[in-house]
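Written below as structure tokens is the structure these notes are about.
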There are 2 protein chains.
Amino acid sequence: MTEVLVRSYANGRARRQLILDEATTLFGEVGYRAASLREIAARVGISHPGLLHHFPAKQALLLAVLEHRDEVDAQRFGLDHLQGVELLRHMVDLVDFNATRPGIVELYCVLSAESTAPDHPAHAFFVSRYARSVAQCAAGFEGAQAAGLLRPGIDPDAAGRAFVALTDGLQVQWLLDRDSVDMATVLRATLAQLVVAGA
Amino acid sequence: MTEVLVRSYANGRARRQLILDEATTLFGEVGYRAASLREIAARVGISHPGLLHHFPAKQALLLAVLEHRDEVDAQRFGLDHLQGVELLRHMVDLVDFNATRPGIVELYCVLSAESTAPDHPAHAFFVSRYARSVAQCAAGFEGAQAAGLLRPGIDPDAAGRAFVALTDGLQVQWLLDRDSVDMATVLRATLAQLVVAGA
DNA sequence: CCTACCGATCGGTAGG
DNA sequence: CCTACCGATCGGTAGG
């Protein structure tokens with residue numbers, strides 16, 4: 001009886017994870033507003049009321065998708081434990097890894113643009129996410145500056161903002177024409193212009 | 001009779017322009033897929049079949065909006081007649097001007113992301129638009145290099161791609177938090193790192 | 001340009 | 001009391 005209950009919970013978690021995966025894909029493909037719960041549910045192999053049993057509303061599903069993705073990536077790359085130039089290099093590595101999963105890149109690319117509308121359900125999420133990303137990269141450049149690795153005349157805050165912006169812009173170009181764009185290479189070349197050679 | 005006919009044509013063109021303006025705004029607010037012809041028509045003050053009299057389908061309206069915008073901006077800033085660093089500086093000026101019209105920035109930001117999907121009606125438009133923009137900026141950096149204004153070790157092609165990417169990424173950040181982001185300042189600071197001082 | 005519609009599909013919820 | 005759904009349908013809206 002305990003066995004049955006445990007398996008039931010496990011099945012529920014597995015199903016929930018499958019829903020998150022398919023929602024991630026479809027939100028990336030067509031955006032939040034144009035994605036339908038029926039299409040996500042169909043890809044999972046359940047009905048859409050079945051989906052709404054796991055996530056009470058479409059908005060809840062969206063926020064769960066975004067938070068789950070950031071959580072997994074933060075753990076995988078341990079960005080919170082890094083500083084200075086090392087942090088920036090790991091972010092380039094993350095971009096390089098993202099080139100193996102276009103669905104994730106699409107998700108953030110499409111949703112960040114869509115969420116610029118103030119009434120979008122993910123607006124607050126992306127406002128705070130960008131504030132955090134920019135501050136993190138700015139701290140990376142400040143650390144580089146403190147270590148004497150930053151070229152003179154560079155403002156760490158502006159460089160942090162530019163680094164995040166450059167990453168985002170490259171993702172759009174890469175999604176539009178994957179064969180012509182190597183995100184990590186352009187990112188590393190630009191980074192090399194900001195930190196002293198050999199750093 | 002001629003008078004009436006002329007006025008009729010003029011009214012038709014004015015109406016068509018009004019539709020383009022309102023479509024530009026709404027496409028920017030919610031994207032192409034989530035924008036409805038009924039909403040655009042309502043803002044213009046006509047019915048949605050009335051709108052379809054001027055533009056036979058939703059796709060035709062989208063492409064008319066995109067082409068009209070690029071045409072107007074190309075004429076206003078005369079980007080086609082510029083070369084080298086001058087071209088790049090004028091693009092910064094265009095970004096600065098765009099900070100006075102968030103609707104236009106939203107339009108390109110949201111639609112470029114949405115159009116990364118291969119079956120999106122504006123996909124081909126944005127693929128060729130980016131190829132053109134990147135080539136134009138790369139030519140700008142090549143001109144700077146030929147004039148001895150480019151810092152050594154910089155690849156003009158990568159710099160051109162990065163310049164476009166940086167511009168796009170800054171627009172997302174600006175739309176999310178307009179008070180905290182000055183696009184032109186970050187863009188000029190980055191440009192100053194690539195071309196020699198005082199150029 | 002209008003009203004009056006179509007096939008379909010939307011997010012969400014009812015009872016079972 | 002719990003979970004994991006189903007078939008059917010709610011009020012509204014999509015492009016045409």
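The sequence lines fix the lettering, A, B, ..., with proteins before strands; numbering per chain opens at 1.
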Pairing annotation in dot-bracket form, given for DNA chain C with Watson-Crick or G-U pairs under 3.5 Å and | for cross-strand partners: ....||....|...|.
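- Between A:His54 atom NE2 and C:dT13 atom P the separation is 16 Å, expressed in whole Å.
- Across C:dA8 and D:dG12, the matching C1' atoms stand 13 Å from one another, rounded to whole Å.
- Partners of B:Asp93 by salt bridge (Lys or Arg N to Asp or Glu O under 4.0 Å), not counting sequence neighbours, listed by chain and number: B:Arg188.
- Separating the CG atom of A:Leu62 from the C1' atom of C:dG11 is a distance of 14 Å, rounded to the nearest angstrom.
- Here the separation of D:dC5 from C:dG15, taken at their C1' atoms, is 13 Å to the nearest Å.
- The two residues B:Cys109 and A:Ala113 come nearest to each other via the heavy atoms O-CB, 3.6 Å.
- Among the atoms of the strands shown, only primed sugar atoms or phosphate atoms (P, OP1, OP2) are found under 4.0 Å from some heavy atom of B:Leu37.
- Remark: A:Arg76 fails to qualify as a cation-pi partner of A:Phe97 under the 6.0 Å distance and 45° angle criteria applied to the six-membered ring.
- Between the OH atom of A:Tyr32 and the P atom of C:dC10 there is a distance of 14 Å, given to the nearest Å.
- Atoms CD1 (A:Ile40) and P (C:dG12) sit 11 Å apart, rounded to a whole Å.
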Enumerate the protein-to-nucleotides 2-5 of chain C contacts in which both atoms are nitrogen or oxygen and the separation is below 3.5 Å.
unit_1 : atom_1 : unit_2  : atom_2 : d
C:dC2  : OP1    : B:Ser47 : N      : 3.2
C:dC2  : OP2    : B:Ser47 : N      : 2.6
C:dC2  : OP2    : B:Ser47 : OG     : 2.2
C:dC5  : N4     : B:Arg38 : NH2    : 3.1

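- Rounded to an integer number of Å, the gap from CD of A:Glu39 to P of C:dC10 is 8 Å.
- Neither side chain, A:Arg151 nor B:Gln193, offers a donor N or O lying under 3.5 Å from an acceptor on the other.
- Placement of A:Phe55 and A:Leu37 within a single hydrophobic cluster is found when ILVMFWY residues are connected by side-chain heavy-atom separations under 4.5 Å, directly or transitively.
- Of all the heavy atoms in B:Arg33 and B:Lys58, the pair that sits closest is O-NZ, 3.4 Å.
- Among the heavy atoms of the strands, none lies under 4.0 Å from A:Ala41.
- The cationic atom of A:Arg161 (NZ for Lys, CZ for Arg) does not lie both less than 6.0 Å from the six-membered ring centre of A:Phe141 and within 45° of the ring axis.
- Between C:dA4 and D:dG16, the distance separating the two C1' atoms is 13 Å to the nearest Å.
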